[in-house]
Amino acid sequence: MNVSRRILVTSALPYANGSIHLGHLVEYLFTDIWVRYLKMRGHDAHYFCADDTHGTPVMIRARQEGIEPEQLIERVSEEHQRDFAAFGIEFDQYHSTHSPENRKWAEFIYQALKDKQHLERRDVEQTYCENDGIFLPDRLVRGTCPRCGAAEQYGDSCEVCSATYETTDLKEPKCSICGTPPVRRSTEHIYVRLADFTDLLRDWTREHLAPEIANSVGSWIKDGLRDWDISRDGPYFGFPIPDEENKYFYVWLDAPIGYIAACDRWCQQNGREVDEFWRDENTEIVHVIGKDIVYFHTLFWPAMLHAAGLNLPSAVHVHGFLRIEGEKMSKSRGTFINAATYLQHLDPQYLRYYYAAKLSAGSDDIDLAFEEFVNRVNAELVNKLANLYSRNLKFIGSRLEGRLGRVSGEGQALVAQAVDAAEEIAAAYERRDLAAAVFKVCQLAEQGNLFLQQAEPWKVAKTEPETARDICTAIANLGLILAIYLKPVLPEMVAKIERMMKVDPLGWQDIDRLVENQEIGEFERLAERIDRKQLDSLVAAAQQEFAGASPEPDLPAHTPLADECSIDDFTKVDLRVAQILTANEVEGADKLLALKLDLGPLGERQVFAGIREAYPDSQSLVGKKVICVANLKPRKMRFGLSEGMVCASGGPKEASDRQVRVIGADPEAQPGDRVS
RNA sequence: GGCGGAGUAGCUCAGUCGGUAGAGCAGGGGUCUCAUAAGCCCCGUGUCGGCAGUUCAAAUCUGCCCUCCGUCACCA
């Protein structure tokens with residue numbers, strides 16, 4: 001019934017440009033728990049991962065630190081692996097995309113794409129910084145939106161009017177690294193014609209993805225698959241493309257190939273053949289990813305594998321994102337919590353338990369709410385589970401000479417009930433519904449507590465010690481069965497249970513094996529209760545960690561000072577006090593508020609301001625006196641004419657939590673008065 | 001705006017084929033004492049986001065609307 005399967009499991013490769021944080025850990029803990037389960041079932045299962053090391057951000061970061069990219073990625077890799085190990089995440093192989101294996105496979109797959117004529121060369125005009133000597137990705141170019149004229153917009157889209165365009169369309173573009181204006185330069189890129197694989201992908205996505213994921217991927221396919229640019233011009237940190245001058249593989253080409261490279265490395269060291277995994281169709285390949293990278297894993301990646309004659313994934317498991325206290329992680333609020341910071345305050349087992357208890361098979365986001373975290377850990381992990389071992393085993397130790405009896409009488413039904421749950425729990429693990437597995441274990445633990453309450457061995461022991469011994473032996477055996485079910489989630493805690501019970505490491509096959517008539521060992525406490533204060537100090541530490549630091553480490557810490565200007569330049573700008581008469585949300589624009597301004601003698605103006613996110617309650621603006629650029633050339637927008645601009649302050653555009661605030665005038669100031 | 005997902009008790013979530021809704025936690029009360037101030041017992045009418053429709057019957061099917069999340073490709 002339990003045929004051994006060969007299964008290769010991966011998590012997405014963390015980028016070698018930052019630390020592992022609680023959001024990453026959702027994925028790695030989930031995968032670790034699932035693979036541990038598969039191994040317990042006796043499957044030939046392996047967990048492979050690697051650092052994703054290539055690309056412009058790594059190159060720039062290394063340059064900023066004055067070191068070679070290789071030094072940077074080595075340091076980051078060590079840090080990543082230290083964090084993973086501390087959380088009990090066990091990879092069979094943790095490799096790097098900057099490795100000989102990865103290069104070999106990247107070249108192999110590229111060659112296959114080339115041989116089968118899926119590649120195409122095309123000239124593109126791109127933005128190039130002569131000062132830094134590199135082509136600039138969209139995020140690193142800023143300028144004035146060609147459509148609405150908003151300043152300081154990204155190279156790909158305008159945050160004010162949500163227009164999308166090419167970096168080359170921007171007016172007055174500037175390089176975000178050095179601030180100098182980039183130039184346009186024509187260059188030849190290599191594209192994969194993804195549309196060649198349309199039929200294959202349509203079929204594959206239907207068969208191997210969860211329905212909701214297949215639906216959304218299906219709509220991309222239906223809209224027509226676009227070609228994929230897989231080359232970048234040097235200087236670029238990556239692998240050179242064979243037979244090309246100064247061209248490198250785009251980081252996303254070789255990133256997923258890292259899965260194969262890690263497997264290859266492991267095979268070399270363990271006497272296995274990489275073909276067993278990537279060319280033998282009996283192998284299951286399961287990629288665990290976040291929903292942000294579905295496109296790459298369900299379209300590009302299967303196409304590449306197919307072209308190279310390699311196995312396609314059997315499943316791509318998509319999990320949701322982590323939210324903290326219902327919101328995105330935020331450095332300023334202290335909810336951007338690195339793995340290392342967490343470890344200084346809390347036991348990693350808490351997080352393993354909490355994530356497992358919340359992660360079901362779907363791709364909904366999960367929320368880490370501090371109060372719930374404390375409650376669940378204390379109520380379930382400690383009170384319900386750890387305390388069941390504590391009350392029982394301590395009692396056996398102190399009152400029953402530390403020796404087990406037999407599972408008899410009603411205890412047999414209790415144990416049988418736990419054994420019978422094996423199938424249900426296995427099914428939950430199998431469909432990757434960790435929450436359902438944990439829930440069932442909690443239910444069984446409740447049964448154990450209830451059983452003890454009713455059997456009252458502490459009373460029975462006074463007159464019939466052997467009966468009491470049998471009662472406790474039933475609970476001890478229940479405890480062993482629960483330990484088996486929980487072992488993928490809480491391996492360290494279960495190791496303690498194994499020691500206390502003096503049994504060999506537990507496997508799934510031990511579920512219906514009774515442990516009777518033997519000595520048990522010293523009691524060890526399994527888990528401590530958490531105090532809310534520990535969470536508070538963790539948040540304080542996380543906040544401290546980023547205080548004063550750049551909101552986005554790879555981008556400038558603050559908006560650079562603009563060039564010097566003369567008083568004449570300044571007086572060209574006619575700033576006036578304006579009172580906000582109405583403030584309304586603009587239909588069809590997520591970021592705009594339509595403001596009606598009273599400029600006193602200058603009359604009323606309509607202005608569209610990109611401040612909707614900063615002022616969710618737009619009505620709070622009504623009546624405020626603000627500063628307005630009154631002589632700005634009126635701009636026709638999709639939603640109407642904008643006759644001016646309201647002055648507002650805010651952190652760098654890149655900052656995820658920039659505080660945008662309008663500049664208020666003194667309440668006594670008169671609408672229409674000039675600012676000078 | 002297009003597409004995808006979600007909206008069920010204070011919180012986190014279950015609800016297979018349509019038959020007028022449930023677990024855990026939190027909260028209140030009681031009780032035992034082996035145990036990590038743990039255990040056990042009792043207490044849950046919430047417009048199942050809104051409106052309309054199909055049906056004898058809808059949280060569950062259909063349509064429209066509202067809110068939240070994701071995504072719309074050269075962004076790692």
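Residue numbers start from 1 in every chain, and the chains themselves are labelled A, B, ... in the order their sequence lines are given, proteins ahead of strands. Not measured: the values here are computed from a predicted model. Computed from heavy atoms alone, side chains included, the values below leave out hydrogens, waters and symmetry copies.
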> What one-letter contact string describes nucleotides 34-41 of chain B from 5' to 3', where B marks a base within less than 4.0 Å of any protein heavy atom, S marks contact via sugar-phosphate atoms alone, and - marks no contact?
Replying inline: BBB-SBSS
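- Within the 4.0 angstrom heavy-atom criterion, no nucleotide atom of any strand lies near A:Q443.
- Here the CZ atom belonging to A:R391 is positioned 5.0 Å from the CG atom belonging to A:L452, to the nearest 0.5 angstrom.
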> Quick one: what's the B/S/- string for nucleotides 4-9 of chain B, heavy-atom cutoff under 4.0 Å, read 5' to 3'?
Replying inline: SS----
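- Shown are A:H118, A:R193, A:R122; of these, the side-chain hydrogen bond (donor to acceptor under 3.5 Å, both in side chains) with A:D227 is made only by A:R122.
- The nearest pair of heavy atoms linking A:N102 to A:S96 is CB-O, 4.2 Å.
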> Between A:F300 and A:W252, does a ring pair (Phe, Tyr, Trp, His ring centres under 6.0 Å) hold up when you go through it step by step?
Replying inline: CA-CA 9 Å; A:F300 294 148; A:W252 259 110; 8.3 Å; no
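- Among the nucleotides B:rC69, B:rA76, B:rC74, the one closest to the side chain of A:R323 is B:rC69.
- Below 30°, between 30° and 60°, or above 60°: for A:H98 and A:F237 the angle between ring planes is between 30° and 60°, a tilted geometry.
- The one candidate from A:L385, A:I425, A:L381 that meets the side-chain contact (heavy atoms from CB on, under 4.5 Å) condition with A:L486 is A:L385.
- Within the 4.0 angstrom heavy-atom criterion, base atoms lie near A:W252.
- With rounding to whole Å, A:L359 atom CG is found 11 Å from B:rC13 atom P.
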> Reading RNA chain B 5' to 3', what string of ( ), [ ], | and . shows its pairs, if Watson-Crick and G-U wobble pairs count only when both distances fall under 3.5 Å?
Replying inline: (((((((..((((........)))).(((((.......))))).....(((((.......))))))))))))....
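- Atom CZ in A:F237 sits about 15 Å away from atom P in B:rA76, given to the nearest Å.
- Of the N and O atoms on the side chains of A:Y355 and A:H319, not one donor lies less than 3.5 Å from an acceptor on the other residue.
- In this structure, the CE atom of A:M329 is 16 Å from the P atom of B:rC69, given to the nearest Å.
- Mapping A:L225 and A:Y236 onto RNA chain B by nearest heavy atom places A:L225 closer to the 5' end of the strand.
- Nucleic acid contact class of A:K440 (heavy atoms, under 4.0 Å, all strands): none.
- At a threshold of 4.0 angstrom between heavy atoms, the contacts of A:F439 are confined to the sugar-phosphate backbone, with no base atom among them.
- Atom pair A:E325:CD and B:rC11:C1' shows a separation of 11 Å (rounding to whole Å applied).
- Base contact: A:D229 has a heavy atom under 4.0 Å from a base atom.
- Heavy atoms of A:Y295 sit under 4.0 angstrom from at least one base atom.
- Within 4.0 Å of A:G224, counting heavy atoms only, lies at least one base atom of the nucleic acid.
- Using a 4.0 Å heavy-atom criterion, one finds that A:D227 contacts the bases of the nucleic acid, with or without backbone contacts as well.
- Using a 4.0 Å heavy-atom criterion, one finds that A:Y250 contacts the sugar-phosphate atoms exclusively.
- The aromatic ring centres of A:H54 and A:F249 sit 6.0 Å or more apart.
- For A:W220, the side-chain atoms get nearest to B:rU71 when compared with the rest of B:rG24, B:rU71, B:rC69.
- Going from atom CD1 of A:I530 over to atom P of B:rC25 covers 16 Å, rounded to whole Å.
- Heavy atoms of A:K222 sit nowhere under 4.0 angstrom from any nucleic acid atom.
- In this structure, A:F300 reaches neither bases nor backbone, as no heavy-atom distance under 4.0 Å exists between it and the strands shown.
- Residue-level contact check: A:R122 touches neither bases nor backbone, having no heavy atom under 4.0 Å from any strand.
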